[in-house]
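Reviewing the structure listed below.
Each ligand, and each atom within it, is numbered from 1 in the order the structure gives.
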Amino acid sequence: MKSKVVVVGSYNTDLTIKTERIPRPGETIIGGVFSEGGGGKGANQAVAAARAGANVSFIARVGNDALGNLGVQRLTDEGINTNFIYKDNDSATGVAFIVVDERGENSIVVASGANAKLSSADIDEAHDEISSADVLLVQLESPIDAIYSAIRKAHSKGAMVILNPAPAQSLSSKILNDIDVITPNKVEAEMITGIKASDEESLRAIAQKFFESGVKIVIITLGSKGMFVGSTEGMKLIPAYKVCPVDSTGAGDIFSGALAAFLAEGISMEIAVKMAAASASISVTRLGAQRSAPNRKEIEDFLMNYSSSQAEVIG
Ligand code: ATP
Ligand code: RIB
């Protein structure tokens, strides 16, 4: 039987323009290519986990509108259980306006809409679903009370809890104490711990601070520089795969979603991190968030081809 990942989080419709550069305040840039696609940190992670091979349930809130219906359809088409995506009559489906420049860097503004209405009562309704998870994966793009309710339920049932703390906000030790794996990017790690991540020593200090709050494994994603992984067994930097970036939107989401799928399967932390990094690095070579997530075969093929191409370089 496939291992089960439950994701609690946001769904947004992403409206993206890929253009030469991100405009300055007051500036209008003419020229660019528009695309629409599924987004939202929670939904991106759910899609990445499903494509990586997990049985996924997604708990979220969308508007009772055309974009919400489209979102539910998209996730259903991925084989994700959408029974706990609630439709809100008073708020619109979340929308993100995204500008991507020619280096693949982005700038994003989000109107959360129905995402901001996800409540602890919604989480209670999904009690049985969360209780049967091997892994619970959450982010911070939804109200913290709802996220914390889900964390408590999963933790009390012995599921592994993964927190991707994005967008960053300060977190109480009550929350951190129930987290098994945290996956901040560099900026989020700095904002949550108050320690500047300037070198390997400071990354160690950040990991140490998370350990002191009760987190067991710390994975700080560093974009094209890779990942810093810390656990009680040791700490190390794992380099990223070299790829040609087109759009980094959702790279962190694809990483966390794939990681959840691989850890739920029982794959070791080091291998799971490398496979999740492969998944994220493939995604940055493609435009969009959900649509850029690779499937399991693409991840395995990438890893095989990458190691043989590296062997050629070394040999
Ligand atoms: P985003 O906010 O763009 O969704 P993030 O800031 O949360 O992403 P990053 O640290 O940028 O997350 O990226 C997550 C992972 O994706 C990295 O650890 C790395 O494995 C992979 N990745 C991101 N950018 C690149 C890149 N340019 N080249 C190769 N791998 C990348
Ligand atoms: O992490 C990327 C996501 O952030 C986008 O899909 C956008 O919807 C925002 O939530």
Side-chain angles (χ1 to χ4, degrees), residues 7 9-16 22 35-48 60 62 67 71 74-75 93-116 137 139-142 163-168 182-192 197 203 218-229 237-259 272-294 299 302-303 306:
V7 182
S10 55
Y11 175 87
N12 293 326
T13 302
D14 285 358
L15 303 175
T16 302
I22 292 163
S35 62
E36 179 274 343
K41 294 183 191 304
N44 297 344
Q45 296 182 17
V47 169
V62 295
L67 293 179
R74 276 192 169 122
L75 299 171
T93 296
V95 171
F97 285 175
I98 304 176
V99 181
V100 179
D101 70 15
E102 60 186 11
R103 292 169 306 148
E105 300 294 334
N106 63 48
S107 172
I108 305 182
V109 55
V110 175
S112 293
N115 291 307
L137 174 60
Q139 324 73 36
L140 301 175
E141 209 173 36
S142 308
L163 170 65
N164 172 235
I182 195 162
T183 60
N185 66 15
K186 183 170 170 269
V187 174
E188 290 148 6
E190 289 177 344
M191 283 175 71
I192 296 167
L203 290 168
V218 179
I219 304 173
I220 304 169
T221 65
L222 304 164
S224 61
K225 296 201 172 70
M227 292 90 17
F228 180 81
V229 182
L237 266 167
I238 299 181
Y241 301 98
K242 286 193 176 48
V243 293
C244 216
V246 170
D247 176 10
S248 72
T249 309
D253 298 335
I254 307 304
F255 178 86
S256 289
L259 181 77
V273 167
K274 288 180 178 167
M275 290 174 76
S279 180
S281 62
I282 295 169
S283 80
V284 305
T285 65
R286 301 171 175 172
L287 193 65
Q290 278 161 42
R291 75 157 67 91
S292 71
I299 299 165
F302 174 90
L303 283 166
Y306 195 88

Exercise for the section: Check whether the side chains of Thr16 and Asp14 place a donor and an acceptor atom closer than 3.5 Å, and report yes or no. Expected result: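 Absent: no donor and acceptor within the cut-off.
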Exercise for the section: State whether a side-chain donor-acceptor pair under 3.5 Å links Asn115 with Ser142. Expected result: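 No - no donor-acceptor pair under 3.5 Å links their side chains.
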In terms of atom number and element, which parts of ligand 1 are under 4.0 angstrom from non-hydrogen atoms of [X]?
X      : value
Ser248 : 1 (P), 3 (O), 4 (O)
Gly250 : 4 (O)
Met227 : 18 (O), 20 (O)
Val243 : 28 (N), 29 (C)

Handout entry: Residues Lys41, Glu188: salt bridge by 4.0 Å N-O rule
Key =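 Salt bridge: no.
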Between ligand 1 and [X], is the shortest N or O to N or O distance under 3.5 Å?
X      : result
Glu188 : no
Gly226 : yes
Thr221 : yes
Ser281 : no
Phe255 : no
Ala251 : yes
Ala280 : no

Exercise for the section: For ligand 1, note which part of Leu222 has a heavy atom under 4.0 Å away: side chain, backbone, both or neither. Expected result: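 For Leu222, only backbone atoms sit under 4.0 Å from ligand 1.
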Problem - Any donor-acceptor N/O pair, Asp253 side chain to Asn44 backbone, under 3.5 Å - result: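 The answer is no, because no donor-acceptor pair under 3.5 Å joins these two groups.
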Problem - Heavy-atom proximity to atom 19 (C) of ligand 1, best of Pro184, Gly223, Ala277 - result: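 Answer by nearest heavy atom: Gly223.
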Exercise for the section: Could you establish whether Gly40 and ligand 2 come within less than 4.0 Å of each other, counting only heavy atoms on the residue side? Expected result: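 For ligand 2, residue contact (heavy atoms, under 4.0 Å) with Gly40 is present.
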Practice task
Would you please determine whether Ala166 falls within less than 4.0 Å of ligand 1 on a heavy-atom basis?
Solution key: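 False for this residue.
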